[in-house]
Protein chains: 2
Amino acid sequence: MAKRVVTIEPTDRCCPSVLASPLDASQAAELASGFTALADPVRLRVLSILAAAPEGEVCVCDFVEPLGKSQPTVSHHLKILSEAGLVGGDRRGKWVWYSLNRERLADLQAALQPVE
Amino acid sequence: MAKRVVTIEPTDRCCPSVLASPLDASQAAELASGFTALADPVRLRVLSILAAAPEGEVCVCDFVEPLGKSQPTVSHHLKILSEAGLVGGDRRGKWVWYSLNRERLADLQAALQPVE
DNA sequence: ACCTCCTATTGACAGTGGTCAATGCATCGA
DNA sequence: TCGATGCATTGACCACTGTCAATAGGAGGT
């Protein structure tokens with residue numbers, strides 16, 4: 001009979017908290033890079049549009065007109081969000097479909113969670 | 001007899017949510033200004049130090065050494081946090097004591113709250 | 001192969017932001 | 001009143017960032 005392998009579920013996948021204890025420089029830099037991605041109105045609108053999309057996916061071309069920004073600018077912001085892990089892109093034919101990474105967003109949300 | 005005036009209590013003091021519905025430009029700008037205040041490692045460390053302070057207050061002079069930044073730089077970041085409503089300062093004698101505005105921080109946290 | 005369409009990258013520009021030295025402004029004690 | 005102390009402001013510098021026009025890359029269609 002094979003040995004039973006037990007994998008410990010990492011319940012604390014979560015990032016450091018701002019409110020729990022003083023952050024060191026590297027923890028703070030890590031978190032700040034996440035909030036930097038959120039610190040732009042265009043990118044927040046991108047996230048909100050993705051969150052509200054019925055299929056959970058939005059084509060790049062469908063961002064341009066609602067955001068009122070040029071196509072290169074939209075592509076620029078999507079790249080920043082992608083590098084921050086907040087969205088992911090999937091090329092299908094000529095189009096690239098972006099979707100929200102809710103886990104990554106929840107990590108940043110948890111970093112602001114009040115401690116009991 | 002005077003007319004009865006009914007004031008509706010605003011139960012939703014809270015800011016717009018990123019995940020509920022697409023944000024318009026002004027809502028996004030409002031939220032982005034909040035996250036901009038969080039988008040710096042020095043400021044995140046300021047907030048975490050304030051959150052961990054036993055008395056809930058920290059003197060400006062007590063930030064300088066832990067942060068490893070000059071006094072004008074610390075003052076600069078405190079001003080940004082103050083203008084964002086995240087901290088408040090109270091002058092007592094020669095010293096200015098800063099404290100955390102947890103409600104304002106909770107507002108930003110709520111903006112990232114997953115919708116059911 | 002060629003053309004068309006969608007997306008990404010480059011380059012340039014103006015605006016913003018973090019940093020510190022120097023200085024100004026209070027407050028307190030002598 | 002004077003000097004010392006704590007904090008804020010100014011000015012300057014450099015790095016970063018948002019924006020768009022122009023261009024490149026890639027995938028289909030004819």
Side-chain angles (χ1 to χ4, degrees), chain A residues 23 25-26 28-50 53 55 57-84 86-99, chain B residues 23 25-26 28-50 53 55 57-84 86-99:
Chain A
L23 297 168
S26 67
E30 153 77 17
L31 273 179
S33 69
F35 289 121
T36 298
L38 299 179
D40 181 275
V42 174
R43 290 196 288 272
L44 287 179
R45 296 182 73 192
V46 165
L47 296 178
S48 72
I49 290 173
L50 282 174
E55 309 298 328
E57 290 183 318
V58 176
C59 172
V60 175
C61 58
D62 288 332
F63 281 117
V64 176
E65 189 253 328
L67 294 176
K69 298 293 176 184
S70 71
Q71 177 268 319
T73 297
V74 171
S75 197
H76 168 69
H77 286 298
L78 285 169
K79 182 178 185 180
I80 290 178
L81 287 172
S82 176
E83 288 173 347
L86 287 166
V87 305
D90 183 27
R91 168 148 234 149
R92 291 204 287 276
K94 294 197 299 183
W95 293 271
V96 177
W97 298 85
Y98 278 88
S99 57
Chain B
L23 298 167
S26 67
E30 154 76 17
L31 272 179
S33 69
F35 288 121
T36 298
L38 299 179
D40 181 273
V42 174
R43 290 195 290 273
L44 287 178
R45 296 183 73 193
V46 166
L47 296 179
S48 72
I49 289 172
L50 282 175
E55 309 298 328
E57 290 181 318
V58 177
C59 172
V60 176
C61 58
D62 288 332
F63 282 118
V64 175
E65 190 253 328
L67 295 176
K69 298 293 174 183
S70 70
Q71 178 268 319
T73 297
V74 170
S75 198
H76 168 70
H77 287 298
L78 286 169
K79 182 178 184 180
I80 290 179
L81 287 172
S82 177
E83 288 173 347
L86 287 166
V87 304
D90 183 27
R91 168 147 234 150
R92 291 204 286 275
K94 296 198 299 183
W95 294 271
V96 178
W97 297 85
Y98 278 88
S99 58

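Letters A, B, ... are given to chains in the order of the sequence lines, protein chains preceding strands, and every chain is numbered from 1. These figures come from a predicted structure and were not determined experimentally.
Between the CZ atom of R45(A) and the C1' atom of dG18(D) there is a distance of 15 Å, rounded to whole Å. To the nearest angstrom, C1' of dG17(C) lies 19 Å from CZ of F35(A). Between the P atom of dA8(C) and the CG atom of L81(A) lies a distance of 12 Å, rounded to the nearest Å. The interatomic distance linking K69(A) (NZ) with dG18(D) (C1') rounds to 8 Å, in whole Å. Nucleotide dC5(C) holds its P atom 16 Å from the CZ atom of R91(A), rounded to whole Å. Distance CG (L44(B)) to P (dG18(C)): 12 Å, rounded to an integer number of Å. Spacing between atom CG of L67(B) and atom C1' of dT19(C) amounts to 14 Å, rounded to whole angstrom units.
The closest donor-acceptor contact from the side chain of R45(B) to the backbone of L23(A) lies under 3.5 Å. In this structure a side-chain-to-backbone donor-acceptor pair under 3.5 Å is present from T36(A) to A32(A).
At the heavy-atom level, F63(A) lies nowhere under 4.0 Å from the strands shown. Residue L78(B) is classed as having no contact, given no heavy-atom separation below 4.0 Å to the nucleic acid. Looking at heavy-atom distances under 4.0 Å, H77(B) makes contact with sugar-phosphate atoms alone, never a base. Nucleic acid contact class of R92(A) (heavy atoms, under 4.0 Å, all strands): none.
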Inset, instruction - Start with the C-alpha distance between L38(A) and L86(A), add both sets of side-chain angles, then the distance that settles side chain to side chain contact (heavy atoms under 4.5 Å, CB included), and finish with yes or no. - result: CA-CA 9 Å; L38(A) 299 179; L86(A) 287 166; 3.9 Å; yes

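Between V96(A) and T36(B), the residue anchored nearer the 5' end of DNA chain C, judged by the nucleotide with its closest heavy atom, is V96(A). Across the interface with DNA chain D, nearest-nucleotide mapping of Q71(A) and D40(A) shows D40(A) to be the residue nearer the 5′ end. Annotation: of the two residues near DNA chain D, I80(A) and W97(B), the 5′-most nearest-nucleotide partner is W97(B).
Closest contact between the side chain of H76(B) and the listed nucleotides dT19(D), dT19(C), dA8(C) involves dT19(C). Comparing dT19(D), dA21(C), dT9(C) by their nearest atom to the side chain of K79(A) picks out dT9(C). In the set dA22(C), dG18(C), dA22(D), dA22(D) carries the atom at the smallest distance from any side-chain atom of P72(A). The side chain of S70(B) has dC20(C) as its nearest neighbour among dC20(C), dT7(C), dA8(D). Looking at the side chain of K94(A), the nearest of the listed nucleotides dT19(C), dG18(D), dA27(D) is dA27(D). For T73(B), whose side chain is taken as the heavy atoms from C-beta onward, the closest listed nucleotide among dT7(C), dG6(D), dT19(C) is dT19(C). Candidate nucleotides dT7(C), dG18(C), dA8(D) were compared by shortest atom distance to the side chain of C61(A), and dT7(C) ranks first. In the set dT9(D), dT7(C), dG18(C), dT9(D) carries the atom at the smallest distance from any side-chain atom of S75(B).
The two atoms that bring L50(B) and Y98(B) nearest to each other are CD2-O, 3.1 Å, heavy atoms only.
Dashed line: the shortest gap from a side-chain N or O of Y98(A) to OP1 or OP2 of dA8(C) is under 4.0 Å.
For the atom pair OG1 (T73(A)) and CG (L67(A)), the distance works out to 10.0 Å, reported to the nearest 0.5 Å.
Residues R92(A) and E57(A) meet the side-chain proximity criterion, which asks for heavy atoms closer than 4.5 Å.
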